[in-house]
Amino acid sequence: MGSWRNSSTSSTKLLWSILPFMAVGVFIAVTKSNWVDGSRYYPWVRSSVITYSPSSSVIKDNLAVAAEGPVSLGLRSTAVDGGGEVAEGPSEDYVFNQTSNSSYPPLAMEDDLDVELPPIAKEDDLNVTFTGPDLFVSTNQTVGFSVDTRINRKYTSLDKLEARLGRVRAVIKEAESGNQTHDADYVPYGPMYWNAAAFHRSYLEMEKQFKVFVYEEGEPPIFHNGPCKNIYAMEGNFIYHMETTKFRTKTPEKAHVFFLPMSAAMMVRFIFERDPNVDHWRPMKQTVKDYVDLVAGKYPFWNRSLGADHFTVACHDWGPELSKAVPYLFKNSIRALCNANTSEGFNPSKDVSIPEILLPDGTTRGILNGPSPRNRPVLAFFAGGVHGPIRPILLEHWQDKDPDVQVHKYLPKGVSYMGMIRQSKYCISPSGYEVASPRMVEALYTGCVPVLIKDHYVAPFSDVLNWKSFAVILAVEDIPNLKNILTKISTRQYLRMQRRGKQVRRHFEVNFPPKRYDVFHMILHSVWLRRLNIQIQGVSDS
């Protein structure tokens, strides 16, 4: 017995002696790339409580965590290690858990924007810390407010709504390890999903229960309107479909979330002050503030949660900055943004990353489908304007230097952009001035495997989709090794990624009217998930 104790003590000492080295190794592994793995930060790894009492004028921040467990879609806490390596997911036959056009002219494209961007004001309180080159976002911090606790409290419509959401959380949690429900339209499966069964159950529950109240205040073109063509098309498309969808309710007491139907792109078009001698931001931000003040003064719902169950959609690059016009809109509300940049305040635990989709004529005509992998002679392709810190590096190393890696600032005369995408195995999507780009969706539309070179970016629908299973994530410092990295990907793995990309394409497609599981419903589902992971506690009506 004595020898066993000595041995156990020695083993314990040995374990403690190597732990620091293991920690250093893990730190080195996760600090190579600034790419943000959305699965590490999304809200079902935590639970939030947001409470408000009209009798309290003091607002406090705390770290309170709800007693009720959060929704979980079985996400893994994995870090992208850069180096262009592709995560090898489970085999394809493994199933997780067994189971209308705008009447306004198009806005400027990202490559030929004709106005100078004002400097972006940085927030001091973003709950973001930096360690080395990697970025870590705190996800267990919540906003808490003193609650007026009363004896014999009456149950309000909000209490009943929250109780129903509690049952939904339990159903989704059960689905994590259960069998999937039959669905005539689609049953998600495979390594493209963090947890296919939980996602499926969550989506079905959304279809059955989710209700959105759309504020009717405001007039077009700034409100209830948006571009439906070109690079900011997702703003107008979502606003239009949100106002005509079955998810909309005219009874605000039945709503789970409240939509603020304002268009950042239209503000830039109609309100942006181009005079260099005046404040560019003031008239646009004042418009946002006035609108929030209007609905907050007319309805009780904004003040009830300080905006936590309200959401906005913005695909214009300036959408994140405009949200700072109202502190609680920036800090509490659900912001569905194309420009999902964590270094500029995007918070994956409450905000939603949506895809930027270029619709030249307002539809997907001519930009869907492509040839089989065997008919793609070009290894990799990129063409686009030189702006931002990443594209100049890409062009410096690869512009017109290798027939296998077709990188161009300007395409040669007579060469089709979409034609080149369809001839390429891999389509490079580097950040420009902002992290969003339509290139990643164009790749998925045409059967080209996306190569994402972006810092501080949360990819669209990372709450559900494992991008590493159908895209290559490349660190900026690995741009010189681009060809070597891509050629080292086996044919088998390339075919897997290409096939997986074709399967998830349905989640990025724009349909008129919307179809189940398409981009409109995926955006709505991401909002639904974030609403599931907050609890709003009010007081009795009496």
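- Two residues are said to be in side-chain contact when any heavy atoms from C-beta on lie closer than 4.5 Å; Gln493 and Ser490 meet this criterion.
- Among residues two or more places apart in sequence or in another chain, the side-chain hydrogen bond (donor to acceptor under 3.5 Å, both in side chains) test is passed with His408 by Asp400, Gln406.
- The number of heavy atoms from other shown groups lying within 6.0 Å of NZ (Lys502) does not exceed 12.
- Under 3.5 Å, the side chains of Glu243 and His224 contain a donor-acceptor pair of N or O atoms.
- Using a 30° and 60° split on the angle between ring planes, Phe199 and Tyr203 fall in the perpendicular class, above 60°.
- Checked against side-chain hydrogen bond (donor to acceptor under 3.5 Å, both in side chains), Gln498 has no partners two or more places apart in sequence or in another chain.
- Judged as a disulfide bond (SG atoms under 2.5 Å apart), the pairs with a partner in residues 418-454 (not counting sequence neighbours) are, in order, Cys427-Cys448.
- Side chains of Asp183 and Tyr517: a donor-acceptor N/O pair is present below 3.5 angstrom, by distance only.
- For the pair Asn533 (side chain) and Leu529 (backbone), a donor-acceptor distance under 3.5 Å is present.
- Atom CD1 of Ile390 sits about 11.0 Å away from atom OG of Ser437, to the nearest 0.5 Å.
- Qualifying side-chain hydrogen bond (donor to acceptor under 3.5 Å, both in side chains) partners for His256, counting only residues two or more places apart in sequence or in other chains: none.
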Query raised in the report: Can Phe470 and Arg496 be said to form a side-chain contact (heavy atoms from CB on, under 4.5 Å), step by step?
Result: CA-CA 8 Å; Phe470 56 89; Arg496 282 178 174 174; over 6 Å; no
Requested in this report: Mind running salt bridge (charged side-chain N to carboxylate O under 4.0 Å, His left out) on Glu356 and Arg439 for me, showing each step along the way?
Outcome: CA-CA 9 Å; Glu356 188 172 80; Arg439 290 171 176 83; over 6 Å; no
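- Side-chain contact, Thr181 with His200: no donor N or O sits under 3.5 Å from an acceptor N or O.
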Query raised in the report: When you look at Trp528 and Val257, which way does the side-chain contact (heavy atoms from CB on, under 4.5 Å) test go after all the steps?
Result: CA-CA 8 Å; Trp528 160 252; Val257 295; over 6 Å; no
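- You'll find the side chain of Pro227 reaches within 4.5 Å of the side chain of Met266, heavy atoms only.
- The salt bridge (charged side-chain N to carboxylate O under 4.0 Å, His left out) search around Glu253 returns none, not counting sequence neighbours.
- Side-chain polar atoms of Glu434 and Tyr457 form no donor-acceptor pair below 3.5 angstrom.
- Using a distance-only test at 3.5 Å, with no hydrogens or angles considered, a donor-acceptor pair links the side chain of Tyr445 to the main chain of Phe508.
- Residues that satisfy the ring-ring contact (aromatic ring centres under 6.0 Å, His included) test with Phe520, not counting sequence neighbours, are Phe238, His241.
- In this structure, NZ in Lys229 is found 12.5 Å from CG in Leu358, a value given to the nearest 0.5 Å.
- Shown here for Ala471 and Val449, the closest heavy-atom pair between the two residues is CA-CG1, 4.2 Å.
- The two atoms that bring Asp455 and Ser431 nearest to each other are N-OG, 4.4 Å, heavy atoms only.
- Every ring-ring contact (aromatic ring centres under 6.0 Å, His included) that Tyr417 has, sequence neighbours left out, goes to Phe381.
- Of the inter-residue distances, the one linking Asn347 atom CG with Phe330 atom CZ reads 8.5 Å to the nearest 0.5 angstrom.
- A side-chain N or O of Asp518 and one of Asn511 form a donor-acceptor pair less than 3.5 Å apart.
- For the atom pair CZ (Arg374) and NZ (Lys425), the distance works out to 11.5 Å, reported to the nearest 0.5 Å.
- Using a distance-only test at 3.5 Å, with no hydrogens or angles considered, a donor-acceptor pair links the side chain of Lys454 to the main chain of Val435.
- Separation of the Tyr193 and His507 ring centroids falls under the 6.0 Å cut-off.
- For Arg248, the salt bridge (charged side-chain N to carboxylate O under 4.0 Å, His left out) partners are Glu216, not counting sequence neighbours.
- Remark: Trp302 engages His310 in a ring-ring contact (aromatic ring centres under 6.0 Å, His included) (not counting sequence neighbours).
- Judged by distance alone, the side chain of Ser353 and the main-chain N or O of Val458 form a donor-acceptor pair under 3.5 Å.
- Residues Ile534 and Ala308 approach most closely at CD1-O, 3.5 Å, considering heavy atoms.
- Judged purely by atom type and a 3.5 angstrom limit, Glu235 uses its side chain to pair as donor or acceptor with the backbone of Cys315.
- The only option from Phe311, Phe301, Tyr299 that meets the ring-ring contact (aromatic ring centres under 6.0 Å, His included) definition with Phe258 turns out to be Phe301.
- When all heavy atoms of Pro191 and Ser469 are compared, the pair lying nearest together is O-OG, 3.4 Å.
- With hydrogens and angles ignored, the 3.5 Å screen pairs no side-chain donor or acceptor of Arg530 with any backbone N or O of Ile334.
- Aromatic ring centres of Phe272 and Trp318 lie closer together than 6.0 Å.
- In this structure a side-chain-to-backbone donor-acceptor pair under 3.5 Å is missing from Ser424 to Tyr426.
- Here the CD1 atom belonging to Ile239 is positioned 12.0 Å from the OG1 atom belonging to Thr244, to the nearest 0.5 angstrom.
- The two residues His521 and Lys515 come nearest to each other via the heavy atoms ND1-O, 2.8 Å.
- When the side-chain hydrogen bond (donor to acceptor under 3.5 Å, both in side chains) test is applied to Asn369, the partners found at least two apart in sequence or on another chain are Arg505.
- Across all their heavy atoms, Thr249 and Ala255 have their closest contact at CG2-CB, 4.0 Å.
- Applying the salt bridge (Lys or Arg N to Asp or Glu O under 4.0 Å) test to pairs two or more places apart or on separate chains, those with a residue in residues 333-343 are Arg335-Asp351.
- Shown here are the ring-ring contact (aromatic ring centres under 6.0 Å, His included) partners of Phe223, two or more places apart in sequence or in another chain: Tyr291.
- Note: Thr446 OG1 to Ile367 CD1 = 9.5 Å, rounded to the nearest 0.5 Å.
- With Thr245 contributing its side chain and Met242 its backbone, the two residues share no donor-acceptor pair below 3.5 Å.
- At a threshold of 4.5 Å between non-hydrogen side-chain atoms, the residues Asn332 and Lys350 do not count as touching.
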Query raised in the report: Stepwise, does the salt bridge (charged side-chain N to carboxylate O under 4.0 Å, His left out) test hold for Glu509 with Arg506?
Result: CA-CA 5 Å; Glu509 291 182 0; Arg506 68 182 300 139; over 6 Å; no
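- Separation of the Tyr215 and Phe213 ring centroids falls under the 6.0 Å cut-off.
- Leu260 has its side chain within reach of Leu329: a pair of non-hydrogen atoms, C-beta onward, lies under 4.5 Å apart.
- Within the 3.5 Å criterion, the main-chain N or O of Pro320 finds no donor-acceptor partner in the side chain of Glu344.
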